[in-house]
2 protein chains.
Amino acid sequence: MTLEERAKVFAALADPTRLKLVEMLACEEELCGTDLARKAGISVALLSHHWKVLTEAKVVVRERRGQSQFCQVKRETLEAAFQNVWPNLRVRSAWPSNVARG
Amino acid sequence: MTLEERAKVFAALADPTRLKLVEMLACEEELCGTDLARKAGISVALLSHHWKVLTEAKVVVRERRGQSQFCQVKRETLEAAFQNVWPNLRVRSAWPSNVARG
DNA sequence: CGGATAGTCAAGCAGATATTTGACTATTTA
DNA sequence: TAAATAGTCAAATATCTGCTTGACTATCCG
C-alpha cells in the first residue's frame with residue numbers, strides 16, 4: 001500500500017457524511033444502500049457518490065443480493081492505513097458480540 | 001469529540017504530504033520544522049501551511065525551544081478518532097523502544 | 001410485459017484545498 | 001546592533017470536492 005493509497009483511505013474518512021456512514025457500519029455489521037441513506041439522512045444519489053469514494057479507497061466492500069447491495073467495513077484496509085501513523089497499533093481479533101462477521 | 005472534529009483529524013491525514021510528515025514523526029519521536037521540511041522535500045512555507053492544519057486538528061503538538069519549534073504526534077487524538085470507526089481497537093501502552101517519550 | 005424498488009451517472013455550481021512566491025516577524029549569535 | 005537562522009502570512013492560481021437535479025440502468029414481482 002503506497003503513501004497515496006493510505007492518504008486515500010484517510011480522505012475517504014475525512015468528510016463528515018462519509019465518516020458517519022463508516023461509523024454506522026462499524027456498529028451494525030452490514031447495511032443496504034437504502035438503509036444507509038435513510039439512517040444518514042441523505043439522498044440515494046448522494047449516497048451513491050460517497051459510496052463510490054469509500055469503495056474505491058477499499059474502506060468498504062459491497063455485495064449485491066437481489067435488488068439491494070449490502071455493505072461492510074473492510075477492516076484490513078483501516079488496519080493497514082492506521083499502522084503507518086501508529087506503528088505499534090494492536091487490534092483485537094474479535095469483533096463486538098452484537099456484530100456477526102463471516 | 002464531535003463527528004466534525006473526528007472528520008477533521010482524518011482530513012489532516014488525507015493529504016500525502018501531511019501523511020508523510022505524520023508517518024515520519026511516528027518513527028522519530030520529534031523533529032523541528034526545518035528538519036521536517038527537508039526530510040519531506042518541501043519548502044518551509046509549505047510546511048508552515050500543512051503544520052497549521054495538523055496542529056488545528058490536534059494531530060501534532062508543537063513546542064518552541066530557542067529558534068526552533070519541535071513537533072510530536074499527539075496519540076490521544078488519533079486514538080479518539082480511530083476508536084469510532086473501529087470500536088474495539090486496542091492500542092499498546094508502550095511506544096517502540098527506539099522512540100523515547102515524555 | 002409493465003410497474004415498483006434500488007441504485008448510477010453526468011452536468012453544473014459553489015466552496016475548499018494544495019502549492020508557489022515574496023515579503024514579513026521572531027530568536028539567537030557575533 | 002547587524003547578520004543569520006527559523007518560521008509565518010497573504011495573495012494568486014489551479015485543482016478538487018460536496019451536493020443537487022434529473023435522466024438513466026438493473027433487478028424483482030405480479
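Please read these numbers as outputs of a predicted model, since none were measured by experiment.
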- Query: Do the side chains of B:L36 and B:L25 get nearer than 4.5 Å, heavy atoms only?
  - Reply: yes

- Query: Roughly how far, to the nearest 0.5 Å, is the CG atom of B:L78 from the CG atom of B:L13?
  - Reply: 6.5 Å

- Query: Are B:L3 and A:E23 close enough that some pair of their side-chain heavy atoms sits under 4.5 Å apart?
  - Reply: yes

- Query: Counting just side-chain N and O atoms, does A:T17 come under 4.0 Å of either OP1 or OP2 of D:dC19?
  - Reply: yes

- Message: Output the rounded distance in Å from CG (A:D35) to P (C:dT5).
- Response: 15 Å

- Round to the nearest Å and state the distance from B:L47 atom CG to C:dT20 atom C1'. 15 Å

- Query: Once you round it to whole Å, what is the distance between C1' of C:dA18 and CG of B:L19?
  - Reply: 15 Å

- Task: Check the distance between C:dT19's P and B:K52's NZ and give it to me in whole angstrom.
- Result: 16 Å

- Message: Below the 4.0 Å mark, does C:dT27 have OP1 or OP2 next to a side-chain nitrogen or oxygen of B:Q69?
- Response: no

- Note on the structure: Winner on side-chain proximity to A:W51, out of D:dG7, C:dT8, C:dA18, is C:dT8

- Nearest-Å distance for atom pair CG/P, residues B:D15 and D:dA14: 19 Å

- Can you hop from B:V59 to B:M24 via hydrophobic side chains spaced under 4.5 Å? yes

- Item | Phosphate OP1/OP2 of C:dA6 contacted by A:R62 side-chain N/O (<4.0 Å) | no

- Query: What nucleic acid atoms does A:R18 come within less than 4.0 Å of, heavy atoms only: base, sugar-phosphate, or nothing?
  - Reply: sugar-phosphate

- Whether B:F10 and B:F82 hold their rings parallel, tilted or perpendicular, with breakpoints at 30° and 60°: parallel

- Task: Starting at the 5' end of nucleotides 21-30 of chain D, put B wherever the base has a protein heavy atom under 4.0 Å, S where only the sugar-phosphate does, and a dash everywhere else.
- Result: BB----BS--

- A:H50, nearest nucleotide to its side chain (from C:dT8, D:dG7, D:dC19): D:dC19

- Task: Write down the atom of A:C71, the atom of A:V60, and the distance for their closest heavy-atom approach.
- Result: SG-CB, 3.6 Å

- Message: To the closest 0.5 Å, what do you measure between CD (B:Q83) and CZ (B:R6)?
- Response: 11.0 Å

- Query: Does OP1 or OP2 of C:dT19 have a side-chain N or O of B:H49 closer than 4.0 Å?
  - Reply: no

- Query: Taking only N and O in the side chain of A:T34, is any of them less than 4.0 Å away from OP1 or OP2 of C:dG7?
  - Reply: yes

- Item | Integer-rounded Å distance: D:dT17 P and A:L13 CG | 14 Å

- Task: Using atom CZ of B:F70 as one end and atom P of C:dT27 as the other, report the distance to the nearest whole Å.
- Result: 15 Å

